[in-house]
Number of protein chains: 2
Amino acid sequence: MDKRLIYISDDEINICNIIKSFLIKEGFNVETFNDGRSILEAFNAKPADLLVIDIMMPEIDGFSLCATIRQKSSVPIIIVSAKDTESDKIAGLTLGGDDYLTKPFSPMELIARVKSIFRRIELDKTNVRNNHVIKICDILINPNTKQAEFDGKNIGLTGMEFNLLYYLAENKDRAVSRNELLDKLWGFENEVETRATDDMIKRIRKKLSIAGSVLKIDTVWGFGFKIVENI
Amino acid sequence: MDKRLIYISDDEINICNIIKSFLIKEGFNVETFNDGRSILEAFNAKPADLLVIDIMMPEIDGFSLCATIRQKSSVPIIIVSAKDTESDKIAGLTLGGDDYLTKPFSPMELIARVKSIFRRIELDKTNVRNNHVIKICDILINPNTKQAEFDGKNIGLTGMEFNLLYYLAENKDRAVSRNELLDKLWGFENEVETRATDDMIKRIRKKLSIAGSVLKIDTVWGFGFKIVENI
DNA sequence: CAAAATTGTGGCAAAATTGTATCAAAATCG
DNA sequence: CGATTTTGATACAATTTTGCCACAATTTTG
């Protein structure tokens with residue numbers, strides 16, 4: 001991934017420089033500004049990945065800036081200010097700020113908070129996108145695409161077949177009873193013969209075999225099925 | 001949307017109750033615990049949408065708890081503590097905390113921070129990527145002009161068709177359910193037959209094919225659609 | 001070993017889902 | 001306002017999935 005770009009805006013040039021040096025040491029790209037208008041223009045020209053802004057600035061104050069940017073962008077914003085009253089903090093956080101730090105603050109704490117925000121964004125991103133992909137034996141089971149792949153190509157499981165294989169893979173090395181499968185995959189209310197599970201297993205085995213996989217679904221006699229990860 | 005569920009853990013029962021009453025007034029569901037083990041067990045049994053935890057607690061301390069939960073879950077965590085040293089704050093934020101508040105704190109500020117975190121999550125969810133030209137297979141999808149182009153010429157998608165193709169392209173390699181499409185593109189309140197999505201897909205496929213593109217929209221049986229980037 | 005219980009296999013048809021064509025309502029536009 | 005485009009609905013055809021059956025094969029049990 002490219003270095004993340006952070007814009008800092010504070011009318012005290014010294015503070016800008018201190019924060020900047022710390023953030024650069026942590027591997028971020030940083031640009032500094034000394035009033036609200038210039039950071040807004042810079043952001044419109046080239047969006048940053050995170051903004052650190054002071055409340056009291058010439059031209060445009062931090063609150064207005066925060067609200068303005070939030071109308072168009074979801075960029076994370078950290079507000080830093082000498083104003084430490086409860087109402088200031090609440091205003092800042094409510095107008096779109098992701099965090100509010102009161103001066104004087106420790107640069108290390110700022111960095112920890114910056115990283116925490118980026119981690120939050122990553123967590124949210126992977127949450128939406130990547131469910132857990134399971135690789136078992138020579139089969140890749142991907143719940144995002146709802147495909148099981150051998151050697152890079154889809155082995156063509158149907159929805160139900162996929163769910164069953166995924167469930168067994170999640171519970172590998174544990175025998176899963178037919179009743180558990182009926183409960184979890186078919187649903188409690190669904191009235192269906194117990195042998196329906198055998199049918200699904202039959203079809204999955206066939207498709208695995210046709211694809212050329214050596215993954216085996218073991219039968220646990222009088223109980224159910226299991227997948228054993230045989231190294 | 002359902003009410004969000006928040007778990008609070010603090011060995012001072014009074015603090016739990018104060019926070020709880022404020023959060024409930026704001027429309028959250030809240031449960032309180034007085035040590036680290038009980039909140040962990042509760043979370044394992046039924047995950048909450050956000051955790052507020054104290055550092056100094058019996059059984060399991062807040063730092064360990066934070067690290068433990070973060071191994072398996074991306075639930076947002078706010079740490080509250082009487083420990084106000086820089087190193088404590090940094091430790092808390094680094095171990096997975098989304099925020100760190102030092103006691104005594106204003107309940108209103110806590111609420112503002114809770115809301116700020118939920119807003120961040122919503123922003124991350126909706127803004128996958130904005131106004132970004134996507135090239136997929138042989139098709140160029142340009143959200144600025146709202147045109148999809150093959151070989152430099154517009155293939156003539158309508159507005160809705162374009163939005164659908166763009167959404168699928170943004171989420172390529174992930175199966176998107178019909179309900180997700182209805183929510184995100186038609187809008188939650190809009191009551192429309194599920195089959196409306198099929199109609200759009202049909203029209204997009206036809207226009208892609210007429211234009212001469214080889215881009216394929218896959219049907220995920222019993223679920224929805226997806227675009228797979230086939231190299 | 002033989003009977004009973006359980007599982008594997010192939011085929012089949014009902015049920016569910018999707019594709020297609022057509023049409024009318026709704027929106028857009030000049 | 002009228003013409004055109006867009007878009008959702010309906011009906012029906014085509015396809016896919018999946019439960020079930022009958023029977024063979026296998027395993028357990030006495």
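Below, all heavy atoms of this structure are taken into account, side chains as well, without hydrogens, waters or symmetry copies. Everything numeric here is computed off the predicted structure, so don't read it as measured data.
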Read 5' to 3' with Watson-Crick or G-U pairs under 3.5 Å, [ ] for crossing pairs and | for partners on another strand, DNA chain D gives ||||||||||||||||||||||||||||||

The complete set of side-chain hydrogen bond (donor to acceptor under 3.5 Å, both in side chains) pairs with one or both residues in residues 40-53 of chain B, sequence neighbours excluded, reads none

To the nearest angstrom, the CG-C1' distance between A:Asp218 and D:dT26 comes to 15 Å

(Q) Salt bridge check, A:Arg4 against A:Glu122: does any charged N sit closer than 4.0 Å to a carboxylate O? (A) yes

Ranking B:Leu157 and B:Arg195 by the position along DNA chain D of their nearest nucleotide, the one closer to 5' is B:Leu157

Atom CD1 of A:Ile204 and atom P of D:dG19 are separated, to the nearest Å, by 12 Å

Separation of D:dT17 atom P from A:Asn163 atom CG, nearest Å, is 13 Å

Exercise. Under 4.0 Å between any heavy atoms, over every strand shown, what does B:Phe223 touch: base, sugar-phosphate, or nothing? Just pick one.
Key: sugar-phosphate

(request) Would you classify A:Arg205 as touching base, sugar-phosphate or nothing, given that sugar-phosphate means primed atoms plus P, OP1 and OP2, and contacts are heavy atoms under 4.0 Å? (result) sugar-phosphate

Is the Lys NZ or Arg CZ of B:Lys25 less than 6.0 Å from the centre of B:Phe22's six-membered ring, within 45° of the axis? yes

Phosphate contact (D:dT7 OP1 or OP2) by B:Thr158 side-chain N/O below 4.0 Å
yes

Separation of D:dT6 atom C1' from B:Leu164 atom CG, nearest Å, is 14 Å

- In sequence, state the C-alpha distance, the side-chain angles, and the governing distance for A:Tyr166 and A:Lys146, and then conclude on side chain to side chain contact (heavy atoms under 4.5 Å, CB included). CA-CA 9 Å; A:Tyr166 189 69; A:Lys146 298 192 184 284; over 6 Å; no

Electrostatic pair B:Glu180:B:Arg174 at N-O distance under 4.0 angstrom:
yes

Looking for any heavy atom pair under 4.0 Å, which part of the strands does A:Asp198 touch: base, sugar-phosphate only, or nothing? sugar-phosphate

Between the CG atom in A:Asp198 and the CZ atom in A:Arg178, the distance rounded to the nearest 0.5 Å is 4.0 Å

Students should find that the nucleotides of DNA chain C closing off the region near chain A, any atom under 4.0 angstrom from a heavy atom, are C:dA5 to C:dG11

Taken to the nearest whole Å, CZ/B:Phe162 to P/D:dT6 is 15 Å

5'-most contact on DNA chain C (nearest-nucleotide basis), B:Lys202 vs A:Trp221, goes to A:Trp221

Check: Does B:Trp186 make a side-chain N or O approach to OP1 or OP2 of D:dG8 shorter than 4.0 Å?
Finding: yes

Rounded to whole Å, the CE-C1' distance (B:Met160 to D:dT5) equals 15 Å

